[in-house]
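Report on one structure; see the data block that follows.
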Amino acid sequence: MFPDFMPFKEQALLMTDPSALAPMLGREMTAMNTDRITKLEQQLDEERKARVAVEKRLASLAGGSCDEIRHDRDHLEISRHEALERADKQMRRVVEERLRAEARGQMLAQVVEQAASSIMITDRRGHIEYVNANFLRVSGYRLEEVVGKNPSFLRSGTTSKEVYQELWGTIMNGGEWRGELQNRRKNGEYYWTALTVTPIRDTGGSVTHFAGIGEDITDRKRAEAQIERLSHYDVLTAMPNRSFFQVHMFHLFAAAKRSKSPLMLLLLDIDQFKDINDTMGSGVGDQLLVSITQRLGLCTRECDLVARMGGDEFAALLVGQEDADDAVVVAERIIHAMARPFHLEDHGPVTLSVSIGIAVFPEDAVDPDQFMKNAGLALHRSKREGGAQYQFYTHEMEEEVLLRKVMETDLRQALDAGDQLFVYFQPQVEAGSGRLVGAEALVRWIHPERGFISPADFIPLAERNNLILPVGEWVLRTVCEHMRNWREAGLQVTPVAVNLSAGQFRHDDLLGMIRDIIEETGIDPTLLNLEITESLVMKDKQSHLNILHRLRGMGVKLSLDDFGTGYSSLGYLTRFPIDKLKIDRAFVQNICDDHARATIVRAVVRMGQALGMTINVEGVETRQQLEVLQAHGVDEIQGFYFSKPVPADQFEKMLKSGVLSGSAYCDAC
């Protein structure tokens, strides 16, 4: 930083008082040129001696010739002139070097004072002798407030003593220390400094001072903290996220394994949370998630690890519990807490339920991955059983997973073989007369080895694995082919309803596929009734609405299935082109004894008919149910009271008769 010839004390003086630069440099330049000036003086002394000698010779030769005297005098003058010229040149060089050194010293002083880094110089005991302008700006202190003090007044109290011990131990042994310290400004604010401290030695090699150069890295540390927070904590709920949970679960699992202590993992999923987002908006969903987080915190202990795994999925790792009964207590506490209504701003009370899967170490897992997998299997079972409950992992659940994988393979083979899938038809009759007015097509799978496989088992499997696309296309084509054959046989063909699942809306060209099948089979499109579920309508996607309107434009009729089972909204009934409203069987089961259910059905019937819709009721099984529904003005009846779903050839017989008599099972079955 400073010229090699400048001792450290002068450097320090320079930085505290730059005006001292010139005299300091003068002294140093004098010291630097001592040898040179000494040599010059020696030369001049030799010249003087030579001149004295010449003068003596002139005196001794006073009687000599004038030419000799003149020659000696000229020689003396030449020697004096040459000596003076040499001395003048030497002095000019000394002055020029001194001026250059002064300019260089001034530049270095400005560099140190105006440096973007904070610079501090202390003596060996740690007393501050110099700080530059940037240090004063960053720390907020004035020069007179820091000079002579120990730098410890900057300490924030957040940096450990070990760090300072390492710092002093390093520099006192002559080494350079690098590290990060959190200091405190004069106004009390904390700030971070990346600091390098270097010992300064004198010409004898002894440490006399210490120089510290610091960079303010507060903004960088804040950014790092924000990144750390985003990578390990959920932004919405501030809970630990999946990444944080998995890392800490690994350590807790290893500790439990060493100590042979139990560990319990609860995986939670909010039932039908997606319906809330679809009907009430994601803003309401976010409010609910925050409230759910708060209730989970009240149901667990501080030592337990609770995290949001994503979406509406949460996890709780219970530490220090004695046995599985403790997990039951926590699970029931969570279920009851979630069942209490949530009161949100600008909305009425919202009621939720939660499904929980539980795995216990060491019984259910030997490593964290297996622990998570088995708790997930238990959660899946809990949701399949209807939700609002907890399930413990059992080995049978893995067998079910294997069975589902086998079933998936078999279903693919069944689609290729073409002789295992069948379409059954459940009649729809006019409520007042019993006249056959339509049917619902239902797919059935008869496995060559396992026999009849319930649609409740393979349809969800097809949905999860995108097999619903080829299955749905096969069902639609088969139904249309049957309708064509019945027409060619001279039968009066009734409308047939075919379920259109949410998964089929992911088809690249759903409209093109339906149009092609109608054109290939030549059926009347008005006899094709496509049923969509209430949950699909609730998504209210513009793309879905466009597809439904285009289907109506093709002449296809549309039915809304399972009405009343979700978060029903009357508003969408006016936005969507619905021809038929199907009331779910859940409203029929106790309609004879439940006045509230009967009232709801009556209101839906009147509303739907006022909108020009046909009202169909599913699940009718008794004469009493039929009479109540007839009294409420229902248009169509569907259920075992008239007929169970039957194969195509049996339904053909029904088409020929045209009327079904009410009974537990009709004679045609």
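Note that the numbering runs from 1 along the sequence shown for the chain.
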Give a yes or no on whether the backbone of [Y] and the side-chain of [X] come within a donor-acceptor separation of less than 3.5 Å.
X: E636; Y: V437; value: no
X: D304; Y: T300; value: no
X: S261; Y: K257; value: no
X: R301; Y: V319; value: yes
X: Q630; Y: A431; value: yes
X: N616; Y: I637; value: no
X: S282; Y: G285; value: no
X: H447; Y: E449; value: yes

Please tabulate, one pair per line, all N/O donor-acceptor pairs under 3.5 Å involving side-chain atoms of residues 591-602, not counting sequence neighbours.
residue : atom : partner : partner atom : Å
D594    : OD1  : A596    : N            : 3.0
D594    : OD1  : R597    : N            : 3.3
D594    : OD2  : R597    : NE           : 3.2
H595    : NE2  : T599    : OG1          : 3.4
R597    : NH1  : A586    : O            : 2.5
T599    : OG1  : H595    : O            : 2.8

Q: Indicate yes or no: does K580 engage D635 in a salt bridge with an N to O separation below 4.0 Å.
A: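 Salt bridge absent between K580 and D635.
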
Q) Is the closest basic N to carboxylate O distance between E531 and K582 below 4.0 Å? A)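 So E531 pairs with K582 through a salt bridge.
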
[atom1]/[X] to [atom2]/[Y] distance, rounded to the nearest 0.5 angstrom?
X: S382; Y: I358; atom1: OG; atom2: CD1; value: 9.0 Å
X: I578; Y: L560; atom1: CD1; atom2: CG; value: 5.0 Å
X: L442; Y: F425; atom1: CG; atom2: CZ; value: 9.0 Å
X: D416; Y: L411; atom1: CG; atom2: CG; value: 10.0 Å
X: L510; Y: L500; atom1: CG; atom2: CG; value: 5.5 Å
X: S353; Y: Q272; atom1: OG; atom2: CD; value: 6.5 Å

Determine whether more than 12 heavy atoms belonging to other residues, nucleotides or ligands lie under 6.0 Å from atom [atom1] of [X].
X: F422; atom1: CZ; value: yes
X: H395; atom1: NE2; value: no
X: R550; atom1: CZ; value: no

Between [Y] and [X], is there a side-chain heavy-atom distance shorter than 4.5 Å?
X: W445; Y: F452; value: no
X: L379; Y: Q391; value: no
X: D579; Y: R552; value: yes
X: M397; Y: N374; value: no
X: V328; Y: D326; value: no
X: Q287; Y: F342; value: no
X: L611; Y: L581; value: no
X: K557; Y: S559; value: no

Using a distance-only test with no angle check, is there a side-chain donor-acceptor pair under 3.5 angstrom linking [X] and [Y]?
X: E440; Y: Q428; value: no
X: Q370; Y: D364; value: no
X: D561; Y: T533; value: no
X: Q650; Y: Y424; value: no

Apply side chain to side chain contact (heavy atoms under 4.5 Å, CB included) to [X] and list each qualifying residue two or more places apart in sequence or on a separate chain.
X: Q294; value: V290
X: E396; value: T394, E399
X: I335; value: V354, I356, Y390

Which heavy-atom pair separates [X] from [Y] by the least distance, and what is that distance?
X: C299; Y: I334; result: CB-CG1, 3.7 Å
X: M264; Y: A324; result: CE-N, 3.8 Å
X: S355; Y: D271; result: OG-OD1, 2.5 Å
X: I615; Y: G608; result: CD1-CA, 3.8 Å
X: G619; Y: V588; result: O-CG1, 3.8 Å
X: F651; Y: V646; result: N-CG2, 3.8 Å

Q: Assess whether side-chain contact (heavy atoms from CB on, under 4.5 Å) is satisfied between L545 and F576, documenting all intermediate values.
A: CA-CA 7 Å; L545 182 60; F576 283 78; 3.8 Å; yes

Under 3.5 Å donor-acceptor pairs involving side-chain atoms of residues 236-244, not counting sequence neighbours:
residue : atom : partner : partner atom : Å
T237    : OG1  : D234    : OD2          : 2.6
T237    : OG1  : M239    : N            : 3.3
N241    : OD1  : S243    : N            : 3.3
N241    : OD1  : F244    : N            : 3.0
N241    : ND2  : S231    : O            : 3.0
R242    : NE   : M309    : O            : 3.2
R242    : NH2  : M309    : O            : 3.4

Q: I would like to know whether D286 and L288 meet side-chain contact (heavy atoms from CB on, under 4.5 Å); could you show each step before the answer?
A: CA-CA 5 Å; D286 288 347; L288 275 175; over 6 Å; no

Q: Report the C-alpha distance between L626 and F642 in whole Å, list the side-chain angles of each, state the deciding distance to 0.1 Å, and finish with yes or no for side-chain contact (heavy atoms from CB on, under 4.5 Å).
A: CA-CA 10 Å; L626 174 63; F642 289 97; 4.1 Å; yes

Side-chain donor-acceptor pairs of residues 459-474 under 3.5 Å, sequence neighbours excluded:
residue : atom : partner : partner atom : Å
E463    : OE2  : S501    : OG           : 3.1
N465    : ND2  : L461    : O            : 2.8
N466    : OD1  : R506    : NH2          : 3.1

Q: Flag this pair as yes if the NZ/CZ of R404 is under 6.0 angstrom from the six-membered ring centre of F458 and inside a 45 degree cone about the axis; otherwise no.
A: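 The answer is no, since R404 fails at least one limit relative to F458.
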
Q.
With side chain to side chain donor-acceptor pair (under 3.5 Å) as the criterion, how do E363 and Y393 come out once you've worked through the C-alpha distance, each side chain's angles and the decisive distance to 0.1 Å?
A. CA-CA 10 Å; E363 293 89 339; Y393 165 78; over 6 Å; no

**Q.** Derivation of the side-chain contact (heavy atoms from CB on, under 4.5 Å) call for V498 and N529
**A.** CA-CA 6 Å; V498 178; N529 196 321; over 6 Å; no

